[in-house]
Amino acid sequence: MPIQTSTPPLVHTLEPDNNSVLYVLFISAIAALGGFLFGFDSGVINGTVTALGNAFNANDVATGFNVASVLLGCALGALAAGPMSDCYGRKAIMVITAIIFAISAFGSGVATSSTEFIFYRLFGGLGIGAASVLAPAYIAEVAPAALRGRLATLQQLAIVLGLFVAFLSNYLIATSAGGSAQIFAFGIEAWRWMFWVELIPAVLFLIGVLFIPESPRYLVAKGQLAKAKIIFSKISPSDEDELLSTVKQSLKGDSKPSITDLFIQGQKKIHPIVWVGVALSIFQQFVGINVVFYYGVELWQAAGFDESQSLFINVLTGTTNIVATFIAIALVDRIGRKPLLLTGSIGMFISLAALTYIFGTSGLDELGKLALSANMGTFALIMANLFVVFFGLSWGPIVWVLLGEMFNNRIRGAALALAASAQWLANFTITMTFPIILGSIGLAGAYGLYALSALFSFFFVRKYIKETRGMQLEAM
């Protein structure tokens with residue numbers, strides 16, 4: 001079965017008109033709300049870790065699993081979302097995802113035991129994992145080539161905005177209550193309200209998805225050419241016929257796209273490009289970015305800050321992440337994907353190596369906890385935020401851009417699902433092991449490992465990542 005039987009134009013230079021740009025921006029922003037929920041659900045746990053440990057009498061390993069359990073659900077959700085969206089459509093699965101987010105947010109807040117809490121977090125993970133696949137796939141499939149990089153970064157912008165709102169709401173609720181384990185309103189603990197805040201964006205996402213069209217490339221795969229042409233005419237009114245023709249050609253074969261297309265025809269080997277996507281996803285997590293987002297409060301308390309100061313540092317980190325993502329949006333279609341990844345790898349390595357040195361050379365207080373001097377505490381804060389800056393302008397958004405566009409039409413859903421699932425498993429590994437590493441070799445040991453991963457990522461990008469800026473999806 002040929003994956004592509006002719007070579008479409010490699011570069012699409014025609015800029016869409018203003019009306020089509022606004023339309024694509026609107027439907028992409030709705031899809032990206034899934035990314036917002038992805039970010040909020042991932043970050044809300046940050047301010048609740050200590051309270052959860054107290055509420056459920058959890059030790060370090062149990063606490064780690066309370067935090068990391070959602071990521072197992074993410075891996076399953078990501079793995080299932082691609083094939084399911086290929087079968088039932090991107091839009092239908094996004095509706096289901098919104099409902100999952102709402103149920104998980106409510107259930108996590110009412111949980112009375114670790115088992116019940118973990119169940120709802122695992123269930124919510126299905127939604128996060130699905131959103132991590134559906135949003136970049138949908139945006140890539142509706143965006144004109146000239147704008148695809150900037151529109152695809154909406155996914156990461158939504159993720160970091162979700163993280164920021166989670167950090168901010170956690171901070172405001174905990175400050176008002178006097179701590180995450182204290183009573184906030186109606187006699188209910190603050191940490192439960194932190195989870196319930198997510199119900200607001202979950203409902204907005206559900207309503208928004210009802211107003212966006214199905215992916216035109218999915219419609220072509222299902223033989224619904226008339227509907228696809230109508231959507232293409234709104235996205236790129238001057239060349240909808242050409243788009244329809246090239247998409248049809250890229251899908252030409254004796255059967256519809258399926259999971260078996262991941263394998264080289266006649267062999268039991270998976271296409272090399274799929275492995276590149278998997279490795280890209282793993283490196284994004286092995287630099288340790290989610291240790292900052294999931295364990296920020298615990299990390300800074302270990303470095304000598306109190307809970308209130310640590311929660312405020314989270315808000316500062318979230319703000320830094322948003323600013324860095326805007327930088328990525330401005331640069332991704334100007335200088336390309338690969339240069340940003342290389343720059344990010346170098347910057348992350350330098351900042352992580354500096355943090356390793358800071359934590360490795362600082363003394364301990366009378367309780368055996370890390371004690372930073374005022375100057376070293378400030379330096380650590382600067383380096384941590386510099387790390388977030390380099391991640392935010394490179395590996396944060398660009399990985400999702402590439403995963404949405406680097407696979408051809410026949411394998412995109414399944415390949416993206418596999419790569420995203422690998423990313424969540426890598427995330428689970430890092431998140432689950434951090435409390436253990438922190439208790440054994442300390443912050444310096446943990447950040448030393450993340451620094452090495454950042455260094456290796458530079459050489460991986462140089463050898464295996466190819467530039468996709470300006471290329472049509474059908475040319476991948």
Side-chain angles (χ1 to χ4, degrees), residues 35-36 38-51 67 156-180 190-191 194 197 287-329 344 347-348 350-359 362 369-397 431 434 438 443 446-447 450 454:
F36 181 93
F38 162 3
F40 190 101
D41 207 309
S42 299
V44 69
I45 194 74
N46 194 316
T48 68
V49 175
T50 301
V67 177
Q156 181 65 15
L157 178 61
I159 292 171
V160 299
L161 284 172
L163 283 166
F164 173 78
V165 172
F167 294 157
L168 182 61
S169 64
N170 282 359
Y171 172 72
L172 294 174
I173 291 172
T175 301
S176 299
S180 58
W191 67 267
M194 292 176 180
V197 170
V287 297
I289 187 64
N290 282 317
V291 166
V292 175
F293 292 144
Y294 296 165
Y295 289 107
V297 174
E298 282 61 40
L299 189 157
W300 292 113
Q301 285 180 324
F305 296 89
D306 63 29
E307 183 184 42
S308 179
Q309 291 172 325
S310 298
L311 284 167
F312 181 75
I313 290 172
N314 277 350
V315 176
L316 179 63
T317 300
T319 304
T320 301
N321 203 7
I322 292 171
V323 173
T325 304
F326 275 113
I327 296 173
I329 291 173
M348 289 190 301
I350 293 172
S351 53
L352 286 169
L355 286 168
T356 302
Y357 171 79
I358 292 168
F359 295 142
S362 298
K369 292 186 176 182
L370 192 67
L372 301 180
S373 66
N375 289 337
M376 291 302 279
T378 301
F379 186 39
L381 190 58
I382 292 171
M383 286 297 104
N385 278 280
L386 191 62
F387 166 58
V388 172
V389 166
F390 279 107
F391 179 86
L393 63 81
S394 61
W395 282 80
T431 306
F434 177 71
L438 183 62
L443 281 175
Y447 275 84
Y450 306 149

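Keep in mind that the numbers below use all heavy atoms, side chains included, and drop hydrogens, waters and symmetry copies.
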Which class fits the ring pair Tyr450 and Tyr447: parallel under 30°, tilted 30 to 60°, perpendicular over 60°?
perpendicular
Evaluate the side-chain contact (heavy atoms from CB on, under 4.5 Å) criterion for residues Phe40 and Leu161: first the C-alpha distance (whole Å), next the side-chain angles of each, then the deciding distance (0.1 Å), finally the verdict.
CA-CA 8 Å; Phe40 190 101; Leu161 284 172; over 6 Å; no
Step by step, would you call Val287 with Trp395 a side-chain contact (heavy atoms from CB on, under 4.5 Å)?
CA-CA 10 Å; Val287 297; Trp395 282 80; 5.9 Å; no
Between CD1 on residue Ile322 and CG on residue Leu157, distance to nearest 0.5 Å:
7.5 Å
Which heavy atom of Val388 sits nearest to which heavy atom of Ala324, and what is that distance?
O-CB, 4.3 Å
Can you check whether Leu381's main-chain N or O pairs, donor with acceptor, with Asn385's side chain at less than 3.5 Å?
yes
Which heavy atom in Pro397 sits nearest to a heavy atom in Gly392, and how many Å separate them?
CD-O, 3.1 Å
CG (Asp41) and CZ (Phe38) are apart, to the nearest 0.5 Å, by 10.0 Å
Starting at CG of Leu168, measure out to CG of Leu163 and round the result to the nearest 0.5 Å.
12.5 Å
What's the separation between atom CG in Leu352 and atom CZ in Phe391, rounded to the nearest 0.5 Å?
11.0 Å
What heavy-atom pair brings Ser394 and Gly344 nearest, and what distance separates the two atoms?
OG-CA, 3.1 Å
When rounded to the nearest 0.5 angstrom, what distance separates CZ in Phe379 from CD1 in Ile358?
4.5 Å
Apply the side-chain contact (heavy atoms from CB on, under 4.5 Å) test between Thr320 and each candidate in Val160, Val389, Thr325; give the one that qualifies.
Val389
Of all the heavy-atom pairs spanning Ser180 and Ala174, show the shortest one and how long it is.
N-CB, 4.1 Å
Within the side chain of Ser351, is there an N or O that forms a donor-acceptor pair under 3.5 Å with the backbone of Met348?
yes
Quick check: do Trp191 and Ile173 have side-chain heavy atoms less than 4.5 Å from each other?
no
Evaluate the side-chain proximity of Asn321 to Phe164: yes if any heavy-atom separation is below 4.5 Å, no if none is.
no
Given the rule in the side-chain contact (heavy atoms from CB on, under 4.5 Å) test, do Ser169 and Met194 qualify, once you have shown the distances and angles that lead to the verdict?
CA-CA 7 Å; Ser169 64; Met194 292 176 180; 5.8 Å; no
